[in-house]
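The sequence lines fix the lettering, A, B, ..., with proteins before strands; numbering per chain opens at 1.
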There are 4 protein chains.
Amino acid sequence: MSADPQTPLRADAQRNRDQIIAAARAIFAEHGPEVPMEEIARAAGVGVGTLYRRFPDREALIRAVAVDNFTRVRDDARAASAEEPTCWSALVRLLYQSVDLQLSIQLAMLSIRAYEILREDPTIVALREDLLTEVESLVTGAQQEGHLRTDVGAGDVAMLFALLLRRIPSRKKHIAEMSTARNVAIMIDGLQSHPGTELPGHPLGRDDIH
Amino acid sequence: MSADPQTPLRADAQRNRDQIIAAARAIFAEHGPEVPMEEIARAAGVGVGTLYRRFPDREALIRAVAVDNFTRVRDDARAASAEEPTCWSALVRLLYQSVDLQLSIQLAMLSIRAYEILREDPTIVALREDLLTEVESLVTGAQQEGHLRTDVGAGDVAMLFALLLRRIPSRKKHIAEMSTARNVAIMIDGLQSHPGTELPGHPLGRDDIH
Amino acid sequence: MSADPQTPLRADAQRNRDQIIAAARAIFAEHGPEVPMEEIARAAGVGVGTLYRRFPDREALIRAVAVDNFTRVRDDARAASAEEPTCWSALVRLLYQSVDLQLSIQLAMLSIRAYEILREDPTIVALREDLLTEVESLVTGAQQEGHLRTDVGAGDVAMLFALLLRRIPSRKKHIAEMSTARNVAIMIDGLQSHPGTELPGHPLGRDDIH
Amino acid sequence: MSADPQTPLRADAQRNRDQIIAAARAIFAEHGPEVPMEEIARAAGVGVGTLYRRFPDREALIRAVAVDNFTRVRDDARAASAEEPTCWSALVRLLYQSVDLQLSIQLAMLSIRAYEILREDPTIVALREDLLTEVESLVTGAQQEGHLRTDVGAGDVAMLFALLLRRIPSRKKHIAEMSTARNVAIMIDGLQSHPGTELPGHPLGRDDIH
DNA sequence: GATGAATGAGCATTCATTCAT
DNA sequence: CATGAATGAATGCTCATTCAT
């Protein structure tokens, strides 16, 4: 009836759209993707009607939030890749950053339902491919640098990221954050090149984690 | 396991109770703690009424499943402690086992709602204390053995456990399991005594993670 | 299958039956006829099964309680009639007594549902007829004595009774009881022979109130 | 009437609200306050959802209906007070009118549950106070006029009202109405100043009936 | 016969989505 | 276009009644 991806939205409509995504981001991160649509609308300062005009159903909203997030992560990956002196340090930076990106792939990983929604979406699949390409090159590079253990693949790293995106509830926010940072550090140590445990199975590649 | 302040349940009733918990365990692990009660009843092969007779509401069921799971984890911890030659190997075994315990503390960690329900329950709080006591002694022991890095506390290990208890959805179950096992191995390497990254903050103790 | 009105119940079964009716009486009076059957069973100190063996469904129980009560009221009416010196004083005594009989016809008058159940029951219809016959003769007698205003019929008196059987909730039980007694007294004064308000309509007879 | 702290309702919403209250009034009067919400919605010509949007639960609906009714009774009392030549005739008119107000305080008096709900509601408590103030002044006035017996208080009159608000089920609506009118007349005669029965207890004041 | 467990239909309430204003 | 009202399907929970122990 109206969806015309070409026509750019009017300024105020675009503002609404952005507010909605921002609100949904925050609320999804806090309470998961099942919160009442009305609550999201309220948080965004609009009526439900407006929300539904912009996003025909919950799926569409989840998809939009996911696109928004994947884009950020991909851009972070590219930035890290471009700005850091070594692939290893780029990887390390990324892992730490993922802590702040909170929600991020969380949506994709958190609930079966969301996972299935996103798995189908071509935009998201494409973003994911981009991201994996970045990670893959960092992994290979860091292994050649001698920093990263050679028995891991890009898939392994992606999976570690995914673990970290999970916010563990805690009464003390401060502790929760510190704990995540510590976990990242432990993982980084576990990833470094050194004689350690032998990993079971085989290095996970991009295709393993689809 | 099931504390029995009243008359012990009739044989058939006990069987039903067990079936319900088993079904709820499986379904919670798969779909989270919000699945329709009716679905749980169906999976357990009973009517909703029966489910509600045994567990007056969803909270009660969540609590019961959690008690069941915490008990298993605690018992595993004790067994590992008793049977393994070193504290370190007991810890390692526990970490690997947690992979199989799936759900376990997952409930507690997964959804804010469940977390809040369980945080109040005295039985569960007690089980948690027991478990932390075990982990604490393993951590101290493994540090004295020289296997475990000394800048971590029982709280850090508990948090790592919690991360792993999150099942990451994947189309290929096989890969999902392998990935978790590999993640565990990487973490174990990250935990070993060796010059590595300096951890931010301070070692997390039992009180930090309440 | 078993209901054999002839075979007298075994002693213990009869005791159960009586306990159930007594419990139901009390609970119906307090909370109306919709209380859970289980609650009644508990108050009677038996299992639900026993309750249902004795009374195949709620209707049957309501009927039994009503029969029990109507019988008491009828017997009270007969006793008053036999023992009091005048018909008027017998009527007065009855009105006051109805206050104590609490529940009594309340069931019949209270809820549409109960009313319809009881209207069909031959035993109850018969008891009601007996009662009206008594009242009718008291009314006529009291009018001949010159105590009772002549523009009322047995139906009017029955309706006044019905009003009084309604327990008005109040925090202060003491006040509730006093108030009912005072209301009765006011009504009695209103019934006495004396030039007063002209009553609308016509004297209500037994057939008017069916 | 409907206090309007927020934005006034949209025209259609207000119409719905009124229809719902009217429907609830009628149905509560007929079947008591436990009827299925769906039935009320149907009678009001709206979906359940609409009903729940306006009244978050059954309690809220009961409260709203009660406010509506108490307001009418209070307004009737004021009108009678203003328009009738004597306090006595105002009282008499009120007693007769209460017959038509059917439901009115019935809700408050009928079921324990409703009673408890309403006892807490400040709006209703205030309305009740207003009403009692009116009645009190009529009672005093009528006593000074020499029409009303002096051994009754406003509380006694209120309790008589309450009795009359109880609709007695009957197959013949016509008779039921006539009977109530006759009962009122009898009570009025009972209330008139004349040597009659001595009332037990003491005159009930406004505080006695809380 | 008594008990209390099991069943499932029924009602309260919530929330995604549609549509009148 | 934005809003928030209306709808009704979905789901939690209760309770009358039946039936295994």
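Taking atom CD of C/Gln14 as the reference point, atom C1' of E/dG1 lies 15 Å away to the nearest angstrom. Summarising the geometry, the separation between CZ on A/Arg17 and C1' on F/dC1 is reported as 16 Å, rounded to the nearest angstrom. At whole-Å resolution of the value, CG in D/Leu51 and P in E/dA12 are 10 Å apart. One interatomic measurement links the two molecules: CZ of A/Phe55 to C1' of F/dC1, which rounds to 15 Å at whole-angstrom precision. At whole-Å resolution of the value, CZ in D/Arg42 and C1' in F/dG8 are 13 Å apart. For the pair B/Ile40 CD1 and F/dC13 P, the computed distance is 11 Å after rounding to whole Å. Taking atom CD of D/Gln19 as the reference point, atom P of F/dA5 lies 16 Å away to the nearest angstrom.
Salt bridge D/Arg42/D/Glu38: absent, no basic N to carboxylate O contact under 4.0 Å.
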Just the table, please: protein N/O against nucleotides 15-19 of chain F N/O, every pair under 3.5 Å.
{"from": "F/dA16", "atom 1": "OP1", "to": "C/Arg58", "atom 2": "NH2", "distance (Å)": "2.5"}
{"from": "F/dA16", "atom 1": "OP2", "to": "C/Met37", "atom 2": "N", "distance (Å)": "2.8"}
{"from": "F/dT17", "atom 1": "OP2", "to": "C/Tyr52", "atom 2": "OH", "distance (Å)": "3.1"}
{"from": "F/dT17", "atom 1": "OP2", "to": "C/Arg58", "atom 2": "N", "distance (Å)": "3.4"}

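Between B/Phe28 and B/Ile62 there is a side-chain heavy-atom pair separated by less than 4.5 Å. For the pair C/Phe55 and C/Arg17, the minimum side-chain heavy-atom distance is below 4.5 Å. In this structure the side chain of A/Leu118 never reaches within 4.5 angstrom of the side chain of A/Val125, judged on heavy atoms. At a threshold of 4.5 Å between non-hydrogen side-chain atoms, the residues B/Asn16 and B/Arg54 do not count as touching.
For B/Thr50 and E/dT7, the shortest distance from a side-chain N or O to OP1 or OP2 is below 4.0 Å. In this model, the phosphate group of F/dG4 is not approached by any side-chain N or O of D/Arg53 to a distance below 4.0 Å at OP1 or OP2. For E/dA2, the OP1/OP2 oxygens have a side-chain nitrogen or oxygen of C/Arg54 closer than 4.0 Å.
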Pairing annotation in dot-bracket form, given for DNA chain F with Watson-Crick or G-U pairs under 3.5 Å and | for cross-strand partners: .||||||||||||||||||||
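Of the candidates E/dA2, E/dG4, F/dA2, E/dA2 carries the atom nearest the C/Asn16 side chain, counting heavy atoms from C-beta on.
Put simply, the side chain of D/Arg58 gets close to the backbone of D/Val35: a donor and an acceptor are under 3.5 Å apart. Using modelled atom types, one side-chain atom of B/Thr71 and one backbone atom of B/Val67 make a donor-acceptor pair closer than 3.5 Å.
B/Ala44 and B/Ile20 get closest at one heavy-atom pair: CB-CA, 3.7 Å.
Nucleotides of DNA chain E nearest to C/Val46 and B/Val46 differ in position, and the one nearer the 5' end is that of C/Val46.
A donor-acceptor contact under 3.5 angstrom links the side chains of C/Arg25 and C/Asn69, judged on distance only.
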